[in-house]
Amino acid sequence: MNNELEDDFIEALMVSLQDERVIEKIKEIVEVGSFSQMGVPKELLREKEKEIAKLQQEIESKKAEISECQIMIHQLNEKMESYFNELQKRRADYREAEELYEAVQQLSETTKNSLKGIFKGGSVQEFIVCGVQYENISSLWDFIKNEIMEGREQERGILRALFQYFFQEYSKTYDTPLYKLQEVKMNEVFREDLYIRALNSKISGNITDILLPGYMSINGKTIKKSVVRI
């Protein structure tokens with residue numbers, strides 16, 4: 001009995017499935033079901049797209065920060081290089097001052113005693129501090145000139161190097177130096193108004209040796225005439 005009812009139900013169902021209206025209804029149900037099932041993935045996709053957009057903004061922001069950091073690093077590297085070069089330069093200057101200080105210690109006792117009024121103290125630092133003062137540079141020049149004019153030239157090389165070093169260091173303390181060394185050319189005709197004739201020189205003629213360079217103000221006024229030999 002049950003089998004017959006099942007067969008009748010199946011036969012009736014098969015007939016109904018052939019009805020166009022039933023078929024359309026089934027399609028609608030399937031489509032609605034599909035859309036309802038697709039709703040969850042689409043919502044998730046939109047959320048993921050929002051997250052991706054947010055992450056992309058963060059990436060762009062980090063890229064901008066990295067670019068700024070790279071610029072700062074480049075600027076810092078330039079400053080470090082500048083400081084390093086300045087440090088190397090200062091070390092070279094200090095080394096030269098040390099060498100001159102040691103050379104001064106080898107001068108005769110008479111000369112060292114004469115220089116005590118110019119270079120006070122007993123260290124390289126005090127030696128430098130005294131040496132870059134204009135009054136001491138001027139006094140040192142006068143002392144060297146007097147030594148030359150009295151024929152004491154044995155230590156002229158060290159004394160001249162001492163003067164030239166501190167003259168240059170003093171000039172560096174100004175953006176625009178106040179003084180400059182006098183330009184003297186070998187074989188130039190000697191002129192009384194420009195130069196001082198050293199001991200054992202001819203009355204007139206051409207310059208054969210520059211014993212001590214003089215210096216002048218930046219506007220061209222001669223402060224110390226160069227000591228030369230004719």
Side-chain angles (χ1 to χ4, degrees), residues 76-186 194-200 207 209-229:
L76 287 171
N77 284 336
E78 286 185 336
K79 285 183 179 179
M80 286 178 63
E81 185 176 356
S82 176
Y83 292 150
F84 178 76
N85 291 337
E86 181 64 22
L87 179 61
Q88 292 296 93
K89 185 174 177 298
R90 289 182 181 275
R91 282 178 176 173
D93 288 343
Y94 191 77
R95 193 179 307 115
E96 187 174 355
E98 281 185 321
E99 291 172 355
L100 282 171
Y101 179 77
E102 292 300 325
V104 168
Q105 308 314 307
Q106 306 305 315
L107 293 172
S108 65
E109 289 300 320
T110 301
T111 301
K112 284 193 290 185
N113 288 332
S114 298
L115 293 176
K116 279 183 179 178
I118 299 173
F119 298 104
K120 301 176 179 66
S123 68
V124 179
Q125 290 83 356
E126 291 169 320
F127 175 71
I128 294 172
V129 170
C130 292
V132 294
Q133 297 180 38
Y134 176 75
E135 294 78 8
N136 289 337
I137 293 171
S138 177
S139 297
L140 176 61
W141 190 94
D142 288 337
F143 172 74
I144 302 170
K145 190 259 283 189
N146 290 336
E147 290 292 288
I148 294 171
M149 297 305 290
E150 293 179 16
R152 295 189 291 271
E153 294 188 35
Q154 297 87 347
E155 300 173 316
R156 179 172 59 86
I158 295 174
L159 295 172
R160 175 173 168 166
L162 200 60
F163 162 73
Q164 289 184 299
Y165 172 76
F166 283 117
F167 184 87
Q168 291 170 359
E169 292 304 303
Y170 173 75
S171 296
K172 291 176 185 177
T173 61
Y174 294 90
D175 292 333
T176 301
L178 302 179
Y179 306 100
K180 60 181 179 179
L181 292 176
Q182 189 179 41
E183 292 185 9
V184 187
K185 296 180 181 178
M186 295 291 290
L194 294 179
Y195 313 124
I196 297 173
R197 183 173 48 245
L199 197 67
N200 299 323
I207 295 171
D209 196 4
I210 303 163
L211 304 180
L212 177 64
Y215 60 93
M216 55 206 307
S217 65
I218 202 67
N219 60 14
K221 179 183 177 181
T222 300
I223 307 299
K224 305 283 188 182
K225 297 180 182 179
S226 297
V227 181
V228 300
R229 182 166 285 129

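Put simply, CZ on Arg156 and NZ on Lys145 are 15.0 Å apart, with the number rounded to the nearest 0.5 Å. A distance of 11.5 Å separates CD in Glu102 from CD1 in Ile158, rounded to the nearest 0.5 Å. Of the inter-residue distances, the one linking Leu194 atom CG with Lys225 atom NZ reads 7.5 Å to the nearest 0.5 angstrom. A distance of 11.5 Å separates SG of Cys130 from CD1 of Ile137, quoted to the nearest 0.5 Å. Within the model, atoms CD of Glu153 and CZ of Arg229 stand 4.5 Å from one another, a figure rounded to the nearest 0.5 Å. Rounded to the nearest 0.5 Å, atoms OG (Ser138) and CZ (Phe143) are 14.0 Å apart.
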Can you list the steps and then say if Leu159 with Thr111 is a side chain to side chain contact (heavy atoms under 4.5 Å, CB included)? CA-CA 10 Å; Leu159 295 172; Thr111 301; 4.3 Å; yes
Show, in sequence, the C-alpha distance, side-chain angles and deciding distance for Gln164 and Leu181, and conclude whether the side chain to side chain contact (heavy atoms under 4.5 Å, CB included) test is met. CA-CA 9 Å; Gln164 289 184 299; Leu181 292 176; 4.2 Å; yes
Check against salt bridge (Lys or Arg N to Asp or Glu O under 4.0 Å), Lys172 and Glu169: CA-CA 5 Å; Lys172 291 176 185 177; Glu169 292 304 303; 2.9 Å; yes
I would like to know whether Val132 and Thr173 meet side chain to side chain contact (heavy atoms under 4.5 Å, CB included); could you show each step before the answer? CA-CA 9 Å; Val132 294; Thr173 61; 5.5 Å; no
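More than 12 heavy atoms of other shown residues, nucleotides or ligands fall within 6.0 angstrom of atom CD in Gln125. Atom CE of Met186 is surrounded by more than 12 heavy atoms from other residues, nucleotides or ligands within 6.0 Å. The number of heavy atoms from other shown groups lying within 6.0 Å of CD (Gln105) is above 12. Shown here is Asp175, whose CG atom has no more than 12 heavy atoms of other residues, nucleotides or ligands within 6.0 Å.
Side-chain contact check for Phe127 versus Leu100: some heavy-atom pair is nearer than 4.5 Å. No side-chain heavy atom of Lys180 sits under 4.5 Å from any side-chain heavy atom of Ser171. Between Asn136 and Leu140, the closest side-chain pair of non-hydrogen atoms is not below 4.5 Å.
By the 30° and 60° cut-offs, the orientation of the rings of Phe167 relative to Tyr215 is tilted. Note on ring orientation: taking the six-membered ring where Trp is involved, the planes of Tyr170 and Tyr134 are tilted (angle from 30° to 60°).
With Glu155 contributing its side chain and Leu107 its backbone, the two residues share no donor-acceptor pair below 3.5 Å. Side chain of Ser114 to backbone of Thr110: a donor-acceptor contact under 3.5 angstrom is found. At distances below 3.5 Å, at least one donor-acceptor pair connects side-chain atoms of Ser123 with backbone N or O atoms of Glu126. Side-chain N or O atoms of Gln182 include none that pairs as donor or acceptor with a backbone N or O of Tyr195 at under 3.5 Å. Side-chain N or O atoms of Ser226 include none that pairs as donor or acceptor with a backbone N or O of Pro213 at under 3.5 Å.
Ile148 pairs with exactly one of Ile196, Val227, Leu199 by the side-chain contact (heavy atoms from CB on, under 4.5 Å) rule, that one being Val227.
Using a 4.0 Å cut-off between charged side-chain N and carboxylate O, Glu109 and Lys112 make a salt bridge.
Ring centroid separation for the pair Phe166 and Phe119 comes in under the 6.0 Å cut-off.
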